[in-house]
Amino acid sequence: MNQFLRSRPRRNRKSEVIRSFHRETHLGPEHFIYPLFVHEEGNEAVPIASMPGCFRHTSESLLAEVEAALAVGVGSVVLFPKVPEDRKTKSAEECFNPEGLVPRLIRSLKQRWPELCVVTDVALDPYSSDGHDGLVAPDGRVLNDETVALLCMQALSQAEAGADVIAPSDMMDGRVAAIRGALDGAGYSEVSILSYCAKYASAFYGPFRDALDSAPRGGDKKTYQMDPANAREALREVALDEAEGADMLMVKPAGPYLDVIRRVREATTLPIAAYQVSGEYACLKAAAQQGWLDERAVVLESLISIRRAGADVILSYFAKQAAIWLREGR
Ligand code: PBG
C-alpha cells in the first residue's frame, strides 16, 4: 500500500459537520466596521461610480443605512465626509469646525443609538485644497509638526461630539502621542485611538478619492505613506504607535498586504484592524458585475482570509452585505 495513504487529510473534510469541528477562523458581523461616505450638497444620496452599491449619504440616508447595518449585527461605522470645494482651504480649518458635517452627524448618530460605535477619520485631505493629509508648504513639502497640531484640534472636535474611536489616517510622525495628550488634557481619556499604523501609498485608494474628490492636487503621498515594497518598516511603526498610546492598530490596504497583517499580529498584543479599501471593493464588484466571479463567494473568501492573516476587525464596504450573507448561512 502507498504509505502516504495511511494518512488521509480528506477524512477531516468529508462533511460540513466534520469541517466545522476544526474550522480555525470565524467571520461574523461583530468583525466589521462599516465605512460610510457623507455629504451635504443637496438632499439626495449620490451613487459613487467606481464603487457600485456605495453612496455619498445625506444625513437622512446615513441614518437609514446605519439602521440597516445595526439590524444585521454590524455595530460600528466610520464616517468620511465630502467637503464642498468652496470650504476647502490650504490650512484646512474646516477639519475642526465643531459645527462641521462630521461632528453634527456624530451627535445625531449617538443620540439615536448610544450603543453604536462611531469611529472617525483624522486627516486633512477632505478639507485641504491641496488634497494632502497634511499642510503643504510653498515648496510642496508636507509639514509634519504643524499638521499634528491641527489633527489634535480635529480629534478634539470629534471627541467632543461623542466619537467613540478616533482613527488618525494621516501617517504624520508623533500624532498618536499628541492626540492622546490632547484628548486626555480635555477630559476625553475614555476615547480610543485606532491608529492607521501601516498605511501604504497605494493605488487601491483611487475610488475613495473619486468618492470624496480628495486626490492630491500635486505630487503623491509617498513622503508619508509607506512604500508597498516594505514589511519590516511596518514593525517600526507598530513599536512607535504602541509606545505612543494607540489602543488598536490598522494595516491598510488589507488583501494585498496579508503578510503585513500577519507580521503585525506577531509583533503586538493590541487588537488589529485591517482596511479592505475602495480599490479592493471595486475589483471584486467589477468582476462580479461582469459575471466573472461569484460575488458572495469571493467577498466572503476575501474577508475570512483577512481574518486568517490575523485581523480582529475589518473595515469593509461589504460589511452590511456580508453580514446579511452570513446570517443566511454559507
Ligand atoms: C485619507 C484616507 C484615504 C483612505 C482612508 N482615509 C485615502 C488616502 O490616503 O489617500 C482610503 C480608503 C479607501 O480607499 O477605501 N486620509
Side-chain angles (χ1 to χ4, degrees), residues 32-38 48-57 77-83 88 92 94-95 102 119-136 142 144 147-148 150-151 154-155 158 163 165-172 175-176 179 193-228 237 249-257 273-286 299 302-303 306 311 313-319:
F32 295 124
I33 298 175
Y34 191 17
L36 292 167
F37 301 109
V38 291
I48 298 164
S50 49
M51 300 179 72
C54 292
F55 295 83
R56 283 198 293 270
H57 287 285
V77 296
V78 56
L79 301 179
F80 293 102
K82 175 169 188 297
V83 177
K88 298 187 185 194
E94 179 64 17
C95 78
V102 167
V119 182
T120 51
D121 192 70
V122 166
L124 304 188
D125 49 325
Y127 307 94
S128 153
S129 50
D130 292 307
H132 275 285
D133 292 25
L135 295 169
V136 181
V142 173
N144 195 89
T147 298
V148 169
L150 273 177
L151 299 174
Q154 184 178 17
Q158 297 169 348
V165 178
I166 303 287
S169 68
D170 54 284
M171 290 297 278
M172 298 299 119
R175 91 276 208 213
V176 173
I179 292 171
I193 297 179
L194 163 57
S195 169
Y196 286 65
C197 174
K199 176 172 177 180
Y200 287 86
S202 173
F204 283 95
Y205 307 151
F208 174 99
R209 294 176 188 171
D210 294 342
L212 298 186
D213 189 22
S214 65
R217 310 282 153 100
D220 53 42
K221 299 193 175 185
K222 292 180 184 170
T223 68
Y224 45 105
Q225 299 179 347
M226 283 178 53
D227 184 336
E237 292 283 356
L249 304 177
M250 194 193 300
V251 175
K252 175 184 174 186
Y257 295 83
Y275 198 145
Q276 183 180 53
V277 300
S278 57
E280 299 177 73
Y281 176 88
C283 288
L284 294 174
K285 268 286 182 195
V299 168
S302 71
L303 294 166
I306 294 166
V313 63
I314 305 170
L315 292 85
S316 173
Y317 301 98
F318 290 113

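In each ligand, atom 1 is the first atom listed, and ligand 1 is the first ligand listed.
- Of the protein's non-hydrogen atoms, Ser169 OG, 2.7 Å is the one closest to atom 16 (N) of ligand 1.
- With respect to atom 14 (O) of ligand 1, the closest heavy atom belonging to the protein is Ser278 OG, 2.7 Å.
- Atoms of ligand 1 found under 4.0 Å from any heavy atom of Lys221, numbered from 1 in the order shown, are 8 (C), 9 (O), 10 (O).
- Of all the atoms in ligand 1, the ones that sit under 4.0 Å from a non-hydrogen atom of Tyr317 are 12 (C), 13 (C), 15 (O).
- Below 30°, between 30° and 60°, or above 60°: for His132 and Tyr224 the angle between ring planes is above 60°, a perpendicular geometry.
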Identify every side-chain donor-acceptor pair in residues 276-286 under 3.5 Å, counting partners at least two apart or on other chains, and give the distances.
{"residue": "Gln276", "atom": "OE1", "partner": "Ser316", "partner atom": "OG", "Å": "2.7"}
{"residue": "Gln276", "atom": "NE2", "partner": "Ser302", "partner atom": "OG", "Å": "3.0"}
{"residue": "Ser278", "atom": "OG", "partner": "Phe204", "partner atom": "O", "Å": "3.3"}
{"residue": "Ser278", "atom": "OG", "partner": "Phe208", "partner atom": "N", "Å": "3.0"}
{"residue": "Glu280", "atom": "OE1", "partner": "Gly255", "partner atom": "N", "Å": "2.7"}
{"residue": "Glu280", "atom": "OE2", "partner": "Ala254", "partner atom": "N", "Å": "3.1"}
{"residue": "Glu280", "atom": "OE2", "partner": "Val277", "partner atom": "N", "Å": "2.8"}
{"residue": "Tyr281", "atom": "OH", "partner": "Pro52", "partner atom": "O", "Å": "2.5"}
{"residue": "Lys285", "atom": "NZ", "partner": "Glu295", "partner atom": "OE2", "Å": "2.8"}

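- At least one heavy atom of Asp133 lies less than 4.0 angstrom from ligand 1.
- The protein heavy-atom contact nearest to atom 1 (C) of ligand 1 is Asp125 OD2, 2.8 Å.
- Nearest to atom 12 (C) of ligand 1 among the protein's heavy atoms is Phe208 CD1, 3.3 Å.
- Considering backbone and side-chain N/O atoms, Tyr196 never comes within less than 3.5 Å of an N/O atom of ligand 1.
- Short contacts between ligand 1 and Ala123, defined as distances under 4.0 Å to a heavy atom of the residue, involve ligand atoms 16 (N).
- Counting heavy atoms closer than 4.0 Å to ligand 1, residue Val277 contributes atoms from both its backbone and its side chain.
- The shortest side-chain heavy-atom distance between Leu151 and Leu124 falls under the 4.5 Å cut-off.
- Counting only distance, with no hydrogens or angles, the side chain of Ser195 and the backbone of Leu249 share no donor-acceptor pair below 3.5 Å.
- Protein heavy atom at the shortest distance from atom 5 (C) of ligand 1 is Lys252 NZ, 2.6 Å.
- When only non-hydrogen protein atoms are considered, atom 9 (O) of ligand 1 lies nearest to Lys199 NZ, 2.7 Å.
- Ligand-side atoms of ligand 1 in range of Tyr275: 12 (C), 15 (O), range being under 4.0 angstrom from any heavy atom.
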**OP:** List the steps and the verdict of side-chain contact (heavy atoms from CB on, under 4.5 Å) for Met226 and Met171.
**Re:** CA-CA 9 Å; Met226 283 178 53; Met171 290 297 278; 3.9 Å; yes
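- A donor-acceptor pair under 3.5 Å links the side-chain atoms of Arg56 to the main chain of Ala211, judged by distance alone.
- When atom types are taken as modelled, the side chain of Arg175 and the backbone of Pro168 share a donor-acceptor pair closer than 3.5 angstrom.
- At a threshold of 4.5 Å between non-hydrogen side-chain atoms, the residues Gln158 and Leu79 do not count as touching.
- Side-chain contact between Phe37 and Lys82: absent, with no pair of heavy atoms (C-beta onward) separated by less than 4.5 Å.
- For the ligand labelled ligand 1, residue Gln225 lies inside the 4.0 Å heavy-atom shell.
- Listed by atom number, the atoms of ligand 1 under 4.0 Å from Arg209 heavy atoms are 8 (C), 10 (O).
- With a heavy-atom cut-off of 4.0 Å, Tyr281 does not touch ligand 1 at all.
- Residue pairs meeting the side-chain hydrogen bond (donor to acceptor under 3.5 Å, both in side chains) criterion with at least one member in residues 203-217, sequence neighbours excluded, are Ser50-Asp210, Glu85-Arg217.
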